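Worksheet: one structure, shown below.
Lettering follows sequence order; numbering is per chain, from 1. Given the structure is predicted, the values throughout are model-derived calculations rather than measurements.
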Amino acid sequence: MKDYLIFLWRCARLSFRGNWKYYTWMFILTAIALLGLNAYTKQLVAGLVTTGMTDQVSWGLYIANFTYLVGVAAAAVMLVIPVYIYKNRELHDLVILGELLAVAAIIMCLLFVTVDLGRPDRFIHLLLRFNFPISMLTWDVLVLNGYLVLNLHICGYLIYCAYHKRQPSKIFYIPFVFLAIGWAITIHTVTAFLYSGLGGRPFWNSAVIAPRFIASAFAAGPAIIILTLQIIRHATQYPVADAALHLLRRIVTVALSINMFLLGSEVFTEFYTGSAHSVSARYLFVGLHGHHALVPWIWSAIFLNTGALFVLLTPLSRRLWILNLACAAMIVGIWIEKGMGLIVPAFIPSPLGEIVEYTPTANEILVCLGIWAFGLLLYTIFVRITVPVLQGHLTADSDSTDIPQQVDAS
Amino acid sequence: MRLPVVKNQESVHSSASSCGDGCTCSGGANPYTGSTRPGMTRRSFLRRGAAVTGGLAALAASLSPLRDLDGDDIPSVQKFLQKHYKEMSGEEMEEALARIRKEVEKRYDVRPDIRDFKPMDGVEFVYGLNLSRCIGCRKCVHACVAENNQSRDPEIQYIRVLEMPRGSVDIEDGDHSYDRATVPDENHYYMPIQCHQCANPPCVKVCPVEATWQEDDGITVIDYDWCIGCRYCEAACPYWARRFNFAKPTLPKADLNPNMAYLSNRPREKGVMEKCHFCLQRTRQGRLPACLEVCPTGARKFGNILDPQSEVSQILKTKRVFVLKADVGTLPRFFYYFDERDPISDIPLEASSEHAGESA
């Protein structure tokens, strides 16, 4: 126990050491996170009136980011499956970086849900009267926290073993790895059911939402991992093989193709049928009665995603910088498609046919940026600790002075 | 969130000043000075001190808006420990009512008559709305606000009246912001919509903390002291019947209705949901809802569907009746009906069928 505390203590100390790039990066993230905290305290005082949400559009940017990040968290499984099921070697040493990304993403998800609550002070009520299994939100609370615990256990155990130069005992983590694979699918499925289970919102009330969520998550998540791995490779001496990046490229290509196919099916059904149920889709894609705030958003998302898919399907994407461009395009494209493009239009028009548009306020955007910055801060610290441990620079018997001055800026 | 930064810098600082033999903390890798064990230089000590102070100051500054937090926003111990409505014993309910009484008196200078009315045996309420009679005057909207102590700024209304073109029953065609001074317009009819008190309510299903439920007389209620404000119920409702207190409700002292019930019109707080509850503080005492009482045309009918002699039972048996969005399976207890002959309309049959053709 004492030994474990010393380990945590050394990890904590390590996260405050680095070169000037590391300090600059961390300083900027801390500053943005603090600005976000400041914006959130303003929201606490005045209420959610500080956001752009209304009784008509009662969920906005917070829930959109939450949805997107659940996908990012679930996508870690795209590293786990090749390694643990197909015994892929290139990705073997990188799995843990993906799992840590999942941990950071889940923490961000939980923060996004918390800032969306009108009465966060009553959080305890979730423990006292839990509407399980009827409410999908209670399922979400369970699976998200469960996934967090699973990944914390797996990562923590492997890192701690490396710290002690011990061979990890399979019984302590392999069963959890396989459990986490299934669990990753459930977190995003349950999040999709949150929306698709509502009969009063025809835009969400579609069976294709859950598969679409999974497909878009498995595209955007590994795209984020591709970029992150290269940054880690650049900032630390941690070996990341190009072959690993190209395997992820293939995964992203397949997932993005499926996502575009599902989106196309959705659009076809909505528009060809032309039923009254397609008003939200019409508002999203072409505008409704002179209101078209979301039209430029969704078309830029479609443009970014098809562009990325085109590049990925051609040999062009074997060049890393082109691959990176495609990844960046789809990370943004899917964020729009799943956030502004999926959460907001379900509320427009309202169930009574009223059109009230939604524009997030500056305060709301600051809160979101703050949470993103905090998540990146966490992930940077995770990587800062993990890389020296896995490389054997920080072990139980090493002197911490041996640790090279590494930076990373993910 | 930001605490680890500050805390750890502090610890680095303290350990550095008390380093002993065998201590692994070291200045060797000190990024600031590159100084070596055992101690740190005066300059690095000052720098770290400045970093810690700066960090703490930034944290304090970012938390500073909390100074404006209202005293009412910080729950008292009693309120924090208050149980869910269904778990409260009679005594505990009395305590809660006493607390609310005190709070209301403090805020509005009026001693309220607040009670916890239970559903009556053998009663299931339904509401009928006569579309042939409604003239769209919105008197019901405002009577409801006055009766139920809604926030006046921003004003929260439970009833929304749509001005509908004749020939359409599609609420997409309704006008929400028509001018009340010109009603009734002969080319339109009027459709008020409020909570339908569904027998299969999607809002109740989705609530993660069971803060909303259906009572035995069919009224779906909210425990305002239990709601966590996630607004999932608002997303689930197909009739847009639920409202959220985005800001602290404001209600002038003179406008407070002192006759209130725990589950209905007692003053609400910021960050919780509210909705129509068929004026249960009135109807559970045998009175009629405020929106019905104020209606100048008698378009609103309310009563017990379990009583075959009640007016609503008669209407359901004899009139042409429909419910909104029957396809979503919510089984509303709020229905619309027409008189056999339409007294508002003088439009000849041909003209109205032409119009129907246009809007189709």
Which portion of A/V279 sits near chain B, non-hydrogen atoms under 4.5 angstrom: side chain
Min side-chain heavy-atom separation B/E234-A/W59 under 4.5 Å: no
Among A/L194, A/T50, A/L35, A/V113, residue most engaged with chain B (heavy-atom pairs, under 4.5 Å): A/L194
Close side-chain approach of B/P202 and A/L198, heavy atoms under 4.5 Å: no
A/V356 side chain reached by B/H176 side chain, heavy atoms, under 4.5 Å: no
Donor-acceptor contact below 3.5 Å, side chain A/R122 vs main chain B/C227: yes
A/L137 side chain reached by B/V206 side chain, heavy atoms, under 4.5 Å: no
A/Y40 versus chain B, the contacting section by heavy-atom distance below 4.5 Å: neither
Contact winner vs chain B - A/V57, A/I134, A/L127, A/T51, heavy-atom pairs under 4.5 Å: A/I134
Heavy-atom check, side chain of B/L59 versus side chain of A/L37, under 4.5 Å: yes
Atom pair NE2 (B/H84) and NE2 (A/H125), whose distance is rounded to the nearest 0.5 Å: 9.0 Å
Inter-residue atom distance B/F244.CZ - A/T54.OG1, 0.5 Å rounding: 12.0 Å
Beyond-backbone contact of B/P65 with A/N38, side-chain heavy atoms, under 4.5 angstrom: yes
Basic-acidic side-chain contact under 4.0 Å: B/E172, A/R282: no
Straight-line distance of B/L66 CG to A/K42 NZ, nearest 0.5 Å: 11.5 Å
Contacting region of A/M26 [heavy-atom separation from chain B under 4.5 Å]: neither
Toward chain B, the part of A/I124 with a non-hydrogen atom under 4.5 Å: side chain
Between CG on residue A/D121 and CZ on residue B/F80, distance to nearest 0.5 Å: 7.5 Å
Winner by heavy-atom pair count (cut-off under 4.5 Å) against chain B, out of A/D140, A/N131, A/I355: A/N131
Euclidean distance, B/E210 CD relative to A/L128 CG, rounded to 0.5 Å: 11.0 Å
Most contacts with chain A, counted as non-hydrogen pairs under 4.5 angstrom, among B/K325, B/R231, B/K83, B/K205: B/R231
Interatomic spacing from OG1 in A/T138 to OH in B/Y232 - rounded to 0.5 Å: 9.0 Å
